[in-house]
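A short write-up of the structure that comes next.
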Amino acid sequence: EVFAAAHAKATAAIKEAAGVPVGLTLAMSDDQAVPGGEAALAAHRADWEDPYLEAARGDDFIGVQTYTRHRFGPEGLLAPEPGVPLTMMGYEAWPQALGATIRRAASATGAPVLVTENGIATDDDTQRVAFVGQALLAVLDCLDEGLDVRGYTYWSLLDNFEWAHGYRPTFGLVAVDRTTQARTPNPSATWLGQVAQANALVSRPADA
């Protein structure tokens with residue numbers, strides 16, 4: 001309630017002072033219930049997402065940060081499903097999660113959607129290209145459905161310090177050598193640049 005009230009007051013103050021678009025961005029997962037897990041899923045959403053989605057109604061945009069899905073059973077959150085590949089963060093590599101969270105955010109708020117974070121921690125850049133390609137296909141599906149998706153931002157440009165995980169997970173389009181601090185663009189950086197320049201999804205990195 002405090003965060004929601006603060007958001008409302010900040011939105012009003014920013015609008016009065018600058019008249020610029022205002023919204024919030026929310027970390028969301030593709031939350032799914034297996035049979036019997038519907039109540040656990042609803043309870044999770046009531047605590048984690050619903051209050052913020054409610055606070056964003058009427059905003060100029062809603063930002064979505066999505067990396068994976070979560071499954072819920074009768075006892076609550078389940079472990080990753082066997083057979084689904086895991087990222088260096090230990091959660092499922094589930095690129096289609098992005099389409100689900102865009103749809104949920106748009107439906108719950110009625111606001112245009114910005115994808116403010118999406119990506120994968122992997123030491124295999126081929127996997128990164130495949131993951132982002134599938135995520136962008138999900139965005140295109142949402143656009144085809146008439147949803148107002150305004151943009152996509154990959155996380156992250158550089159390998160970063162990832163909270164309690166430190167420097168071990170590598171998200172970057174550009175690799176960072178922590179000994180020399182050298183920055184080396186991955187093929188995924190070239191590929192995503194080509195996607196942006198073409199304004200279309202290209203299948204694989206072309207030669208630089």
Side-chain angles (χ1 to χ4, degrees), residues 14 18 20-30 48 52 60-70 80 84-102 105 112-143 148-208:
I14 293 169
V20 296
V22 181
L24 58 81
T25 183
L26 182 61
M28 301 179 69
S29 296
D30 178 7
W48 286 93
Y52 301 100
D60 297 307
F61 65 87
I62 176 70
V64 170
Q65 308 167 21
T66 297
Y67 294 92
T68 190
R69 72 165 178 172
H70 292 136
V84 176
L86 304 182
T87 74
M88 296 175 76
M89 295 290 288
Y91 46 63
E92 292 181 341
W94 196 261
Q96 56 268 48
L98 185 57
T101 56
I102 289 172
V113 177
L114 288 168
V115 178
T116 48
E117 290 186 28
N118 177 252
I120 182 173
T122 179
D123 56 8
D124 179 355
D125 198 58
T126 301
Q127 184 187 25
R128 178 173 291 108
V129 171
F131 180 95
V132 178
Q134 290 297 312
L136 290 175
L137 282 174
V139 175
L140 291 175
D141 286 342
C142 290
L143 289 169
D148 188 354
V149 185
R150 299 288 179 90
Y152 174 92
T153 303
Y154 178 82
W155 181 271
S156 77
L157 173 62
L158 302 174
D159 289 336
N160 61 291
F161 185 87
E162 186 61 31
W163 301 96
H165 297 271
Y167 290 119
R168 184 185 63 82
T170 47
F171 280 91
L173 298 169
V174 177
V176 179
D177 185 317
R178 295 298 166 187
T179 301
T180 66
Q181 298 303 311
R183 270 70 164 161
T184 305
N186 288 314
S188 57
T190 301
W191 170 77
L192 194 54
Q194 291 163 352
V195 170
Q197 288 176 331
N199 194 28
L201 189 57
V202 295
S203 60
R204 59 182 177 83
D207 293 334

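Below, each value reflects all heavy atoms present in this structure, side chains not excepted, and no hydrogens, waters or symmetry copies.
With sequence neighbours excluded, the residues that form a side chain to side chain donor-acceptor pair (under 3.5 Å) with Asn160 are Glu162. Among residues two or more places apart in sequence or in another chain, the side chain to side chain donor-acceptor pair (under 3.5 Å) test is passed with Asp123 by none. Not counting sequence neighbours, the partners of Thr179 by the side chain to side chain contact (heavy atoms under 4.5 Å, CB included) test are Asp177. The side chain to side chain contact (heavy atoms under 4.5 Å, CB included) test applied to Gln197 returns no partner, not counting sequence neighbours. Here Arg150 pairs with Pro112, Leu114, Asp148 under the side chain to side chain contact (heavy atoms under 4.5 Å, CB included) rule; sequence neighbours left out. Every residue two or more places apart in sequence or in another chain was checked for a salt bridge (Lys or Arg N to Asp or Glu O under 4.0 Å) with Asp124, and none qualifies. When the side chain to side chain donor-acceptor pair (under 3.5 Å) test is applied to Arg168, no partner is found at least two apart in sequence or on another chain. Asp125 is linked by a salt bridge (Lys or Arg N to Asp or Glu O under 4.0 Å) to Arg128, counting only residues two or more places apart in sequence or in another chain. Residues satisfying the side chain to side chain donor-acceptor pair (under 3.5 Å) test with Thr68, not counting sequence neighbours, are none.
Listed by first and then second residue, the side chain to side chain donor-acceptor pair (under 3.5 Å) pairs involving residues 134-143 amount to none (not counting sequence neighbours).
At least one side-chain heavy atom of Val115 sits less than 4.5 Å from a side-chain heavy atom of Ile102. Taking 4.5 Å as the limit, some side-chain heavy atom of Thr87 sits within range of a side-chain heavy atom of Ile120.
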N/O donor to acceptor pairs below 3.5 angstrom from side-chain atoms of residues 90-100, sequence neighbours left out:
{"unit_1": "Glu92", "atom_1": "OE1", "unit_2": "Arg69", "atom_2": "NE", "d": "2.5"}
{"unit_1": "Glu92", "atom_1": "OE2", "unit_2": "Arg69", "atom_2": "NH2", "d": "3.4"}
{"unit_1": "Glu92", "atom_1": "OE2", "unit_2": "Glu81", "atom_2": "N", "d": "2.8"}

Please list, one pair per line, the donor and acceptor atoms closer than 3.5 Å that link side chains of residues 20-27 to other protein atoms, with sequence neighbours excluded.
{"unit_1": "Thr25", "atom_1": "OG1", "unit_2": "Gly63", "atom_2": "O", "d": "3.4"}
{"unit_1": "Thr25", "atom_1": "OG1", "unit_2": "Gln65", "atom_2": "NE2", "d": "3.1"}
{"unit_1": "Thr25", "atom_1": "OG1", "unit_2": "Thr116", "atom_2": "OG1", "d": "2.6"}

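A pairwise comparison of heavy atoms in Val64 and Val113 identifies CG2-CG1, 3.8 Å as the closest pair. The two residues Asp159 and Ala175 have their closest heavy-atom pair at OD2-CA, 3.3 Å. When all heavy atoms are compared, the tightest approach of Arg178 to Gln181 is O-NE2, 3.0 Å.
In this structure, CG in Leu157 is found 9.5 Å from CZ in Arg183, a value given to the nearest 0.5 Å. Between the OG1 atom of Thr66 and the CG atom of Asp30 there is a distance of 8.5 Å, given to the nearest 0.5 Å. Atoms CG and CG, from Asn186 and Leu192 in turn, are 12.0 Å apart once rounded to the nearest 0.5 Å. Put simply, CE on Met89 and OH on Tyr67 are 8.5 Å apart, with the number rounded to the nearest 0.5 Å.
Applying the side chain to side chain donor-acceptor pair (under 3.5 Å) test between Asn118 and each of Trp155, Tyr154, Tyr152 identifies Tyr152 as the sole match.
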